[in-house]
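To find a chain, count down the sequence lines: A is the first, B the second, and so on, and within it residues start at 1. Both backbone and side-chain heavy atoms feed into the values below; hydrogens, waters and symmetry mates do not.
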Number of protein chains: 2
Amino acid sequence: MCDSPEETLRWKAIANALRSELAEGRNSPGDKLPTEAALSAHFGVNRHTVRHGFSVLIDEGLVRTRRGARAYVAATPNDYPIGQRIRFHENLITAGRQP
Amino acid sequence: MCDSPEETLRWKAIANALRSELAEGRNSPGDKLPTEAALSAHFGVNRHTVRHGFSVLIDEGLVRTRRGARAYVAATPNDYPIGQRIRFHENLITAGRQP
DNA sequence: TATGATTTGTACGTATGTATT
DNA sequence: TAATACATACGTACAAATCAT
């Protein structure tokens, strides 16, 4: 009942995986993340799917990207716990489901 | 100089164009927007470019989308004037430019 | 109610531009 | 200067939800 196929979406699974990585605490703000190409290979997905997942973390303020430079950690989930609450964008989308 | 090539980006130009349309006041919350295909043809761009522009308005809370259904107006810029201030996402990105 | 058409969502692929390293 | 890496934008295909008949 009420199956939530959230994890079946690759971009969302990648976002969750990366967020968990940051929550582990082994990364500090300023640390560089792997390249899109490296993450694509690691997750076995297209580069754009990685970018889609990245956009979630960017909107959450956890990660920042700059053209030409590697993405880096802007904050960790522990800094200001958003926990299960997802980004604004997500809220709007899921809210759209309600009648 | 200091040219700000904000308008040269198609997805941003489309977002601005659609936002201006909503600001005109001829649309009310609940009104349906043209389909992605129609907007693609109208702006002469790919469907994904339209979707990219849409994501801006979605994050601003002006538009909502549901799979299978047309996008509809959730609010108008006049409802809560954001004016020149761009969405959170944009702020993060542009903030990334600063040293 | 049921079926088919419409429309958005996801995912992959490719090419080129532009900033950083 | 050259290599690296992200950003934009085109394209294709299929899945899934909605709408219309």
Side-chain angles (χ1 to χ4, degrees), chain A residues 2-18 30-59 63-74 86 89-90 92-99, chain B residues 2-18 30-59 63-74 86 89-90 92-99:
Chain A
C2 294
D3 66 321
S4 51
E6 318 260 325
E7 302 307 311
T8 66
L9 297 180
R10 311 223 207 195
W11 63 266
K12 195 170 291 192
I14 290 172
N16 291 340
L18 293 176
D31 286 1
K32 282 173 185 158
L33 275 65
T35 66
E36 292 176 354
L39 291 170
S40 299
H42 178 261
F43 289 108
V45 298
N46 189 274
R47 183 189 148 210
H48 294 310
T49 305
V50 170
R51 287 175 59 76
H52 194 167
F54 255 77
S55 73
V56 178
L57 305 181
I58 291 172
D59 275 7
V63 168
R64 287 198 195 173
T65 59
R66 282 153 63 224
R67 167 184 254 161
R70 299 255 295 276
Y72 63 92
V73 180
I86 317 299
H89 189 73
E90 281 307 297
L92 293 176
I93 287 180
T94 52
R97 288 189 180 179
Q98 313 286 9
Chain B
C2 290
D3 66 322
S4 52
E6 317 260 326
E7 302 306 310
T8 67
L9 297 180
R10 311 223 207 195
W11 63 266
K12 196 170 290 194
I14 290 172
N16 291 341
L18 293 175
D31 286 1
K32 282 173 185 158
L33 276 64
T35 66
E36 291 176 356
L39 291 171
S40 300
H42 178 262
F43 288 108
V45 299
N46 188 274
R47 181 189 150 208
H48 294 309
T49 305
V50 170
R51 289 174 58 77
H52 194 167
F54 256 76
S55 73
V56 178
L57 305 181
I58 291 173
D59 275 5
V63 168
R64 288 198 194 171
T65 59
R66 284 153 62 224
R67 168 185 254 160
R70 301 254 295 276
Y72 63 94
V73 180
I86 318 298
H89 188 73
E90 280 308 296
L92 294 176
I93 288 180
T94 52
R97 286 189 180 179
Q98 314 285 10

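- The side chain of A/His52 has C/dT10 as its nearest neighbour among C/dT10, D/dA5, D/dA9.
- A/Leu39 has its CG atom 15 Å from the C1' atom of D/dT4, to the nearest Å.
- A 3.5 Å limit on both hydrogen-bonding distances identifies C/dT7 as the Watson-Crick or G-U partner of D/dA16.
- Residue A/Trp11 has its side chain nearest to C/dA11 when only D/dT8, C/dT7, C/dA11 are considered.
- Taking for each of B/Ala69 and A/Arg70 the nucleotide of DNA chain C with the nearest heavy atom, the 5'-most of the two is the partner of B/Ala69.
- Between A/Gly68 and A/Thr49, the residue anchored nearer the 5' end of DNA chain C, judged by the nucleotide with its closest heavy atom, is A/Thr49.
- Once rounded to the nearest 0.5 Å, the distance linking NE2 of B/His42 with CD1 of B/Ile14 reads 10.0 Å.
- B/Asn46 has a side-chain polar atom (N or O) that falls below the 4.0 Å cut-off from OP1 or OP2 of D/dG11.
- The base of D/dA7 is not paired with the side chain of A/Arg66 by any donor and acceptor separated by under 3.5 Å.
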Run the numbers on B/Arg66 and B/Tyr72 for side-chain contact (heavy atoms from CB on, under 4.5 Å), then give the verdict.
-> CA-CA 9 Å; B/Arg66 284 153 62 224; B/Tyr72 63 94; 4.2 Å; yes

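- Of all heavy-atom pairs spanning A/Ala15 and A/Leu57, the tightest one is O-CD2, 3.7 Å.
- Taking 4.0 angstrom as the limit, A/Thr65 places a side-chain polar atom (N or O) nearer than this to OP1 or OP2 of D/dA7.
- Residue B/Tyr72 contributes atom OH, which lies 13 Å from atom C1' of D/dT18 at whole-angstrom precision.
- The side chain of B/Arg47 lies closest to C/dT8, out of D/dA7, C/dT8, C/dA11.
- Considering only side-chain atoms of B/Arg10, the nucleotide from C/dG9, C/dC12, D/dA9 that sits closest is D/dA9.
- For A/His48 against C/dT10, a side-chain-to-base donor-acceptor contact under 3.5 Å is absent.
- Whole-Å rounding puts the B/Arg64 CZ to D/dA17 C1' distance at 18 Å.
- A straight line from CZ of A/Arg51 to P of D/dT8 spans 7 Å, rounded to a whole angstrom.
- Considering only the side chain of A/Arg67, C/dG17 comes nearest among C/dG17, D/dT18, C/dT8.
- What separates NZ of A/Lys32 from P of D/dA5 is a distance of 11 Å, to the nearest Å.
- The only option from A/Arg51, A/Arg67, A/Arg70 that meets the salt bridge (Lys or Arg N to Asp or Glu O under 4.0 Å) definition with A/Glu36 turns out to be A/Arg51.
- In this structure, the CZ atom of B/Phe43 is 17 Å from the C1' atom of D/dC10, given to the nearest Å.
- For D/dT4, the OP1/OP2 oxygens have no side-chain nitrogen or oxygen of A/Thr35 closer than 4.0 Å.
- Spacing between atom CG of A/Leu9 and atom P of C/dT8 amounts to 19 Å, rounded to whole angstrom units.
- In this structure, A/Arg47 CZ and A/Thr35 OG1 are separated by 9.5 Å, a value rounded to the nearest 0.5 Å.
- When all heavy atoms are compared, the tightest approach of B/Leu33 to B/Phe54 is CD2-CZ, 3.9 Å.
- What separates CZ of A/Phe54 from P of D/dA5 is a distance of 13 Å, to the nearest Å.
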